[in-house]
**Q** 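Below is the structure I would like to discuss, written out as structure tokens.
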Amino acid sequence: MKLENKVALITGAAAGIGRESAVLFAAEGACVAAVDLDEAGGRQTAATIEQNGGKAIFVRADVSQSADCRRMVETAETTFGKLDILFNNAGIMLSADDDAVATEEDVWEKTMAVNAKGVYLGCKYGIPALRRAGGGAIVNTASFVAMLGAATPQIAYTASKGAVLALTRELAVIHARENIRVNALCPGPLRTELLMKFLNTEEKKQRRLVHIPLGRFGESAEMAKAALFLASDDSSYMTGATFLADGGITSAYVTPM
Ligand code: NAD
């Protein structure tokens, strides 16, 4: 087992990548604090882990709120005795997110608050806990859109994910000598609720698929395996990395038909 005796906090754990990662990390031996705004989904994740014989708690928290982030870390530490892994994964993509002209300021602010400030707040309260544990691993979920411009605009989302990459690199450098590794997971387009709501017609889906060399959307379970690699000692010599699990989309100029 890759995460035996480890304690992991995962945000956005009620669905998608976060849920799959919570279940996988627990199966690999970690005690999991599953954090989300969505109470029903978060409780379901924790229940699934317990049914599989693992250890998990659900903590309801909004990652854009400082008091919530402080409490989620405190709860994980008091329940399981320490924190070794912090997976800042919660994120939103709002349907009104468009180009700079059409995007309203509230859409920009909400997106930045969850996707970028949420990662900063997770680190603000999580890093002292990792220090108390003698070090650990942070994984921040960014996106392939932090690397490429898209003609289907989502300007606030793209900017927020660029921020996640930039702050991941700086955190990695600052905390390297404290035995804390920090890496960014950059998923490609996935068949999750988040993206399928945004690509809500067959035409929009096909328009995206045409750019992916592997010819299909990725699965949350595939991202969970990549997150496990970054969270475990398997990636012990990696920090500050932009880890792409994107079906080849960022490597392609023209894709095979
Ligand atoms: P998802 O919508 O299935 O899951 C996201 C989870 O985050 C949900 O359970 C939601 O309730 C939770 N959440 C949203 N706002 C929150 C907040 N303020 N506080 C706490 N929890 C909150 O989406 P997913 O695809 O699993 O996305 C996970 C991460 O992966 C996100 O950061 C997303 O931007 C990123 N990502 C997704 C794709 C994709 O194609 N789906 C691609 C690249 C990156």
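In what follows, residues are counted from 1 in the order of the sequence shown. Whatever order the structure lists them in is the order used to number ligands and atoms, beginning at 1.
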**Q** How far apart are the closest heavy atoms of Arg216 and Glu222, and which atoms are they?
**A** NH2-OE2, 2.8 Å
**Q** Heavy-atom contacts with Thr141 under 4.0 Å: which atoms of ligand 1 show up? List them by number with element.
**A** 29 (C), 30 (O), 32 (O), 35 (C)
**Q** Give the contacting part of Phe217 toward ligand 1: side chain, backbone, both or neither, where contact means a heavy-atom distance below 4.0 Å.
**A** neither
**Q** Quick one, Arg207 with Thr152, criterion side-chain hydrogen bond (donor to acceptor under 3.5 Å, both in side chains). Give me CA distance, side-chain angles, the key distance, then yes/no.
**A** CA-CA 9 Å; Arg207 188 149 181 229; Thr152 44; 5.7 Å; no
**Q** Enumerate the atoms of ligand 1 whose separation from the nearest heavy atom of Pro189 is less than 4.0 angstrom.
**A** 40 (O)
**Q** Would you mind checking which non-hydrogen protein atom is closest to atom 7 (O) of ligand 1, with the distance to 0.1 Å?
**A** Gly12 CA, 3.4 Å
**Q** Would you check if Lys124 and Arg70 make a side-chain contact, meaning some heavy-atom pair closer than 4.5 Å?
**A** no
**Q** For ligand 1, note which part of Ile92 has a heavy atom under 4.0 Å away: side chain, backbone, both or neither.
**A** side chain
**Q** Starting from atom 19 (N) of ligand 1, locate the nearest protein heavy atom and write down its residue, its atom name and how far away it is, to 0.1 Å.
**A** Val63 N, 3.0 Å
**Q** Run the numbers for me: atoms of ligand 1, each under 4.0 Å from some heavy atom of Gly16, listed by number.
**A** 3 (O), 26 (O)
**Q** Give the residue and atom name of whichever protein heavy atom lies nearest to atom 5 (C) of ligand 1, and the separation in Å to one decimal.
**A** Gly91 O, 4.0 Å
**Q** When you measure from atom 42 (C) of ligand 1 to every protein heavy atom, which one gives the shortest distance, and what is it?
**A** Gly188 O, 3.2 Å
**Q** Under 4.0 Å from any heavy atom of Ala61, which atoms of ligand 1 are there?
**A** 19 (N), 20 (C)
**Q** Indicate yes or no: at least one non-hydrogen side-chain atom of Asn88 is less than 4.5 angstrom from one of Ile138.
**A** yes
**Q** Give me the nearest non-hydrogen protein atom to atom 1 (P) of ligand 1 as residue plus atom name, then the distance to 0.1 Å.
**A** Leu194 CB, 4.1 Å
**Q** With heavy atoms only and a cut-off of under 4.0 Å, state how Cys186 meets ligand 1: side chain, backbone, both or neither.
**A** neither
**Q** Looking at Lys2, I'd like to know if its NZ atom is crowded, meaning that more than 12 non-hydrogen atoms belonging to other residues, nucleotides or ligands lie closer than 6.0 Å.
**A** no
**Q** Hey, does Arg131 have a side-chain heavy atom less than 4.5 Å from the side chain of His175?
**A** yes
**Q** Working to the nearest 0.5 Å, report the span between CD of Glu74 and SG of Cys69.
**A** 11.5 Å
**Q** Any idea which protein heavy atom is nearest atom 9 (O) of ligand 1, and the distance to it?
**A** Asp36 OD2, 2.7 Å
**Q** Tell me whether Ala142 reaches ligand 1 (any heavy atom closer than 4.0 angstrom to a ligand atom).
**A** yes
**Q** Under 6.0 Å from the CD atom of Glu109, do we count more than 12 heavy atoms belonging to anything else shown?
**A** yes
**Q** For Gly41, is the nearest heavy atom under 4.0 Å from an atom of ligand 1?
**A** no
**Q** Heavy atom to atom 41 (N) of ligand 1, shortest distance: which of Val59, Asn88, Thr192 holds it?
**A** Thr192
**Q** State, yes or no, whether a side-chain contact exists between Thr250 and Leu148 at a heavy-atom distance under 4.5 Å.
**A** yes
**Q** Please state which part of Ala90 comes within less than 4.0 Å of ligand 1, counting heavy atoms only: side chain, backbone, both or neither.
**A** both
**Q** Quick one: does Leu190 get an N or O within less than 3.5 Å of an N or O on ligand 1?
**A** yes
**Q** At what distance is the nearest protein heavy atom to atom 31 (C) of ligand 1, and which residue and atom is it?
**A** Asn89 O, 3.2 Å
**Q** Any nitrogen or oxygen of Tyr157 lying under 3.5 Å from a nitrogen or oxygen in ligand 1? Just yes or no.
**A** yes
**Q** Contact between Lys161 and ligand 1, counting heavy atoms under 4.0 Å?
**A** yes
**Q** Before accepting this row, confirm whether a basic side-chain N of the pair Glu193/Arg19 lies closer than 4.0 Å to the acidic partner's carboxylate O.
**A** no
**Q** Per the side-chain contact (heavy atoms from CB on, under 4.5 Å) rule, which among Thr11, Leu9, Val35, Thr79 passes with Val59?
**A** Val35
**Q** Closest heavy-atom contact between Asp84 and Asn5?
**A** OD2-O, 3.8 Å
**Q** Based purely on interatomic distance, does Ser64 place a nitrogen or oxygen under 3.5 Å from a nitrogen or oxygen of ligand 1?
**A** no
**Q** Suppose I only count heavy atoms of Val114 and a 4.0 Å limit; which atoms of ligand 1 are within that range?
**A** 15 (N), 18 (N)
**Q** Would you mind checking which non-hydrogen protein atom is closest to atom 16 (C) of ligand 1, with the distance to 0.1 Å?
**A** Leu37 CD1, 3.8 Å
**Q** Same cluster or not: Phe87 versus Phe229, using hydrophobic residues (I, L, V, M, F, W, Y) connected whenever any side-chain heavy atoms lie under 4.5 Å apart?
**A** yes
**Q** Could you report the tightest heavy-atom contact between Thr239 and Arg181, atom names first, then the distance?
**A** OG1-CA, 3.4 Å
**Q** Asp62 near ligand 1, heavy-atom distance under 4.0 Å?
**A** yes
**Q** Pick from Lys204, Glu203, Arg208, Glu202: which one makes a side-chain hydrogen bond (donor to acceptor under 3.5 Å, both in side chains) with Gln206?
**A** Glu202
**Q** Taking distance alone, with no angle check, do Ile17 and ligand 1 share an N/O pair under 3.5 Å?
**A** yes
**Q** Is ligand 1 less than 4.0 angstrom away from at least one heavy atom of Ser220?
**A** no
**Q** What distance do Ile155 atom CD1 and Ser160 atom OG have between them, rounded to the nearest 0.5 Å?
**A** 11.0 Å
